[in-house]
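Input: a single structure, listed below in structure tokens.
Throughout, a chain's letter reflects where its sequence line sits, starting with A, and its residues are numbered from 1. The structure presented is a predicted model; accordingly, all values stated were derived computationally and were not measured.
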Number of protein chains: 2
Amino acid sequence: MARKKKILATPEPIRPGDEDLGEIRNIVGFHIRLAQGAVYRHFTEAFTSLDLTQKQVSMLWLVGDHPQIAQSDLARRMRMDRATTMAVVNRLEARNLLERQPSPNDGRKHALYLTDDGNQVLSSAKALINQHEEWLKSRFSDAEVSTLIELLSRIHGWFPTD
Amino acid sequence: MARKKKILATPEPIRPGDEDLGEIRNIVGFHIRLAQGAVYRHFTEAFTSLDLTQKQVSMLWLVGDHPQIAQSDLARRMRMDRATTMAVVNRLEARNLLERQPSPNDGRKHALYLTDDGNQVLSSAKALINQHEEWLKSRFSDAEVSTLIELLSRIHGWFPTD
DNA sequence: AATATTTGTTAGTGTAGCGTACAAAACCAA
DNA sequence: TTGGTTTTGTACGCTACACTAACAAATATT
């Protein structure tokens with residue numbers, strides 16, 4: 001049930017001679033993928049104790065911010081399809097962090113809300129996220145962080161509102 | 001064997017009222033993940049005909065640029081562990097795009113090289129990558145592209161050499 | 001009322017990351 | 001040179017997740 005994870009799977013350190021990536025170093029998508037990988041690994045390490053993935057935390061967070069949200073709404077905001085959203089919700093529900101109840105307005109929808117456990121876990125998760133983000137942001141100035149978010153937003157299509 | 005993929009799984013369009021992401025919009029990692037997702041989806045669509053993933057193309061590209069490279073070397077450059085690298089190499093080898101041969105210098109290593117098919121597929125892949133990158137870069141000025149690559153490099157730890 | 005869309009759901013496929021364990025080759029230290 | 005350590009490739013198993021396809025119930029549309 002719980003993920004087996006004892007040691008962080010840090011990629012092996014770069015060695016002299018390994019640095020040359022050839023032409024591929026000019027491919028933006030390649031850099032995004034490597035950066036996401038690095039963030040993913042650090043995130044996973046940071047969340048070993050809570051045993052949560054990036055998607056799971058994002059989902060808890062969004063449900064916490066928007067109680068009674070429907071799965072389809074969650075899926076749109078997280079840019080996932082319904083089937084994948086189902087799987088993540090199922091996992092969180094199985095761990096009693098989140099529950100489904102029928103929506104009063106629309107019989108097709110299920111309203112999602114956090115359980116007491118879910119709220120507690122979300123609080124801990126937010127604390128860990130702050131540490132994780134500090135690790136991530138420590139290499140940038142505030143202006144660079146804003147720039148990075150702005151540039152990334154142009155790719156994924158959502159624009160920061162402040 | 002071949003992936004079944006007929007229709008791009010574009011996430012459903014954002015609706016009025018969906019835009020509010022709450023506090024999570026300030027999390028850099030969240031934006032990186034969404035951006036990677038958007039790039040991944042466009043990449044997958046672009047590579048439907050060749051039936052290749054981002055990792056598979058990156059691997060073909062690196063092997064093409066560095067013939068006789070060992071798996072462990074590939075893994076380091078792509079920042080993957082050996083087990084995952086094995087899986088990707090196995091898939092490419094099963095499709096006759098890439099082959100292993102014993103390394104003359106080091107009996108432990110296997111030298112990787114592209115087959116004729118692999119070279120041909122890589123050429124097509126590079127053409128598609130150019131189109132894909134155009135799609136990605138079209139929203140940025142040249143200076144912004146450089147900035148983005150530079151900022152992402154600080155995360156994944158590799159610095160562009162030009 | 002008939003038709004179309006939305007939503008949740010299940011089932012199945014493919015890709016990927018990681019832990020663990022093992023064997024062979026290479027390297028290093030005494 | 002022997003004996004311990006490291007590197008490399010490999011196999012097995014588990015988890016996460018993106019996607020397709022298909023279905024039923026509820027709702028919207030015409």
For B/H110 and C/dA26, give me the distance from atom NE2 to atom P, rounded to whole Å.
11 Å
Name the closest nucleotide to the A/R76 side chain, picking from D/dC17, C/dT7, C/dA16.
C/dT7
A/S72, nearest nucleotide to its side chain (from D/dA18, C/dG8, C/dT10)
C/dG8
Select base, sugar-phosphate, or nothing to describe what A/A83 touches, counting heavy atoms under 4.0 Å on all strands.
base
So, OP1 or OP2 of C/dA16: does either fall under 4.0 Å of a side-chain N or O from A/R41?
no
Taking CG from A/N105 and P from C/dG8, how many angstroms apart are they, rounded to a whole number?
13 Å
Minimum-distance nucleotide (side-chain atoms of A/D81 versus D/dA16, C/dG17, D/dC19)
D/dC19
Supply the atom-to-atom distance A/L50 CG to A/Q56 CD, rounded to the nearest 0.5 angstrom.
10.5 Å
Just N and O in the side chain of A/T85: are any of them under 4.0 Å from OP1 or OP2 of C/dG8?
no
Modelled atom types, side-chain donor and acceptor of A/S103 and A/D106, under 3.5 Å
no
Pairwise ring pair (Phe, Tyr, Trp, His ring centres under 6.0 Å) hits with a residue in residues 133-154 of chain A, at least two apart:
A/H42-A/W135, A/H132-A/W135
Taking CG from A/L74 and P from C/dT6, how many angstroms apart are they, rounded to a whole number?
18 Å
B/D51 CG - C/dT13 P separation (whole Å)
16 Å
Check whether any side-chain N or O of A/T53 sits under 4.0 Å from OP1 or OP2 of D/dT15, and answer yes or no.
no
Looking at B/Q54, I'd like to know whether one of its side-chain N or O atoms comes within less than 4.0 Å of OP1 or OP2 on C/dA16.
no
Looking at the base of D/dG9, is there any donor atom on it, or on the side chain of B/R108, that sits under 3.5 Å from an acceptor on the other one?
no
Looking at the side chain of B/M86, which of D/dG9, C/dG17, D/dC17 is the nearest nucleotide?
D/dG9
Note: A/L128 and A/S49 closest approach over all heavy atoms is CD1-OG, 4.3 Å
In this structure, how many angstroms lie between the P atom of D/dC17 and the OH atom of A/Y40, rounded?
7 Å
Does a side-chain N or O of B/R91 approach OP1 or OP2 of C/dA16 to a distance below 4.0 Å, or not?
yes
Take the protein atom CZ of A/F43 and the nucleotide atom C1' of D/dC17, then report the distance between them rounded to whole Å.
15 Å
Where each residue is assigned the nucleotide of DNA chain D containing its nearest heavy atom, which of A/K55 and A/P104 is assigned the position nearer the 5′ end?
A/K55
Please give, in whole Å, the distance from C/dA16 P to B/L52 CG?
10 Å
Assign each of A/T84 and A/D106 the nucleotide of DNA chain D bearing its closest heavy atom; nearer the 5' end lies the nucleotide of A/T84
Looking at A/R82, does any N or O in its side chain come under 4.0 Å of the phosphate oxygens OP1/OP2 on D/dC19?
no
For D/dT10, does either OP1 or OP2 sit under 4.0 Å from a side-chain N or O belonging to B/Q71?
yes
Closest nucleotide among C/dG8, C/dG17, D/dG9 to the B/A70 side chain
D/dG9
Given C/dC18, is OP1 or OP2 found less than 4.0 Å from the side-chain N or O atoms of A/T44?
no
What's the spacing between B/S138 OG and B/E133 CD if we round to 0.5 Å?
10.5 Å
Qualifying residues under side chain to side chain donor-acceptor pair (under 3.5 Å), relative to A/K126, sequence neighbours excluded
B/E23
note: A/K109, atom NZ; C/dT6, atom P; distance rounded to Å ~ 11 Å
